[in-house]
Amino acid sequence: MESLVRPINLAESSSLQEWRALSAPKEPIWVCNTENTVVRMAKNILSVLIFPIGLVRLLHRVVGNIIVPATLFTKMGVSPNEEAFRVFSAGWNIQRVSIQTDGRIVDAAIVTRKDATLVQPHRWTLLSGGNGEFLHDLGNLALVGELQSNGVYYNYPGVMGSTGEPSRSTIAKTSRVMLKFLEERLQAKEIIWYGHSLGGGAQEAFSEHVQKADVKYCLMKSRTFSHLRKVAQDMFGGYRLFSFLVWFFGWDMSPVVSVRNTNVPQIILQTDPKIFTNFVFRSDDIITEESSLAKAVVDVVNPKCKKLFVSEMHNDFLTQDTLQRLKNLVKNEGFLMQEAAG
């Protein structure tokens, strides 16, 4: 169910006071539910009445707070990044908004160029951050600009102003709602979804998204993993117990599955400090080469799936050189309706 709550003025910007608030704006600009309210209530009631179901859901969410530590940072009262807002507000309208879905609030931000001649009409970039990121960091806004796009950021459930608890299901549902927001409310005709680290895992939600025939999509997975369980095993000394626990509690996000099962153009950014070409992989200081998505899909023969080797380590912002190479790849492969800036 969708309903317009109030119109959006893309020329508006939030005040610094609104930006620094720990909670999202109270009045949502859009409501979009992914499941019936009665069904959602029935699930919650069953979780209370049937102890094993409730326990599994509880443990899944407890593990979620570890996998998405930004939720713990939020509970500790970490202040939103004000410096990024000050730096970028000179050239961008930055508007913090609320979107309501399934009884939860999604804390989001719409960023649009003040000079509309610098963007392609109806081109939008959706940005999914890593597990410790906040939308307030405005990470990779330079990428949005390089692709002549406007952008939308969002916080995962439990992060800053987004309500609810992180679960694999709520992250997937939130991500699909954000795609629909771009399509329905912002009338996007070209959607670039850039997912960094855990954000690449969030893109598994795309396989269940109902694509619109008049919209062109391009997924970018930046320095992400093939299976989340492999990262857990690597980070805890190679012990398979941690791999098993991530799988057992239902958190084994698998971008490799979405690469194989998604029919839209995809670009995988993989760290290699020497920028070799093809089949040479390096750890990015967080995700090892063996756990990387790029290596897992090295055998995939798909003209719509491209790999771009970059010098940046895991948490580095993309350099101007990488942005230029990425833009050229998008342009040369014809992944979008219109050429990116030349």
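Numbering of residues begins at 1 and proceeds along the displayed sequence.
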Between [X] and [Y], is any pair of side-chain heavy atoms under 4.5 Å apart?
X: Lys306; Y: Phe335; value: yes
X: Lys230; Y: Thr288; value: no
X: Thr174; Y: Asn155; value: no
X: Leu326; Y: Met220; value: yes

What I want to find out is whether [X] reaches [Y] closely enough, with some N-O distance under 4.0 Å, to be called a salt bridge.
X: Arg96; Y: Glu18; value: no
X: Glu289; Y: Lys295; value: no
X: Arg61; Y: Glu165; value: no
X: Glu208; Y: Arg176; value: yes
X: Arg229; Y: Asp252; value: yes

Exercise. Run the numbers on Arg168 and Glu204 for salt bridge (charged side-chain N to carboxylate O under 4.0 Å, His left out), then give the verdict.
Key: CA-CA 10 Å; Arg168 190 174 176 184; Glu204 65 180 3; 2.8 Å; yes

Exercise. Fit a plane to each ring of Phe242 and Phe236, take the angle between them on a 0 to 90° scale, and name the class: parallel (under 30°), tilted (30 to 60°) or perpendicular (over 60°).
Key: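 It falls in the parallel class, under 30°.
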
Would you kindly say whether [X] and [Y] are connected by a side-chain donor-acceptor distance under 3.5 Å?
X: Asn33; Y: Thr101; answer: no
X: Asn81; Y: His136; answer: no
X: Thr322; Y: Glu312; answer: yes
X: Thr117; Y: Asp115; answer: yes

Practice problem: For side chain to side chain contact (heavy atoms under 4.5 Å, CB included), just list the numbers for His227 and Trp247, CA-CA rounded to whole Å, side-chain angles, deciding distance to a tenth of an Å, and then say yes or no. | Solution: CA-CA 10 Å; His227 297 276; Trp247 170 83; over 6 Å; no

Quiz item: Which heavy atom of Ser292 sits nearest a heavy atom of Gln270, and at what distance?
Solution: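 Ser292 and Gln270 have their closest heavy atoms at CB-OE1, 3.4 Å.
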
Practice problem: For atom CD of Gln17, decide whether the heavy atoms of other residues, nucleotides or ligands shown that lie under 6.0 angstrom number more than 12. | Solution: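 No, CD of Gln17 has 12 or fewer neighbouring heavy atoms, counting only those of other groups under 6.0 Å.
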
Quiz item: So Lys212 and Glu184, salt bridge (charged side-chain N to carboxylate O under 4.0 Å, His left out) or not? Walk me through it.
Solution: CA-CA 10 Å; Lys212 288 188 170 293; Glu184 303 293 338; 2.9 Å; yes

Self-check item: Intermediate values then yes/no, ring-ring contact (aromatic ring centres under 6.0 Å, His included), Phe181 and Tyr154
Solution: CA-CA 11 Å; Phe181 176 70; Tyr154 65 105; over 10 Å; no

Exercise. Give the cluster check for Leu323 versus Leu269: same hydrophobic cluster or not, with ILVMFWY residues linked at side-chain heavy-atom distances below 4.5 Å.
Key: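 They do share one cluster, since a chain of ILVMFWY contacts under 4.5 Å joins Leu323 to Leu269.
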
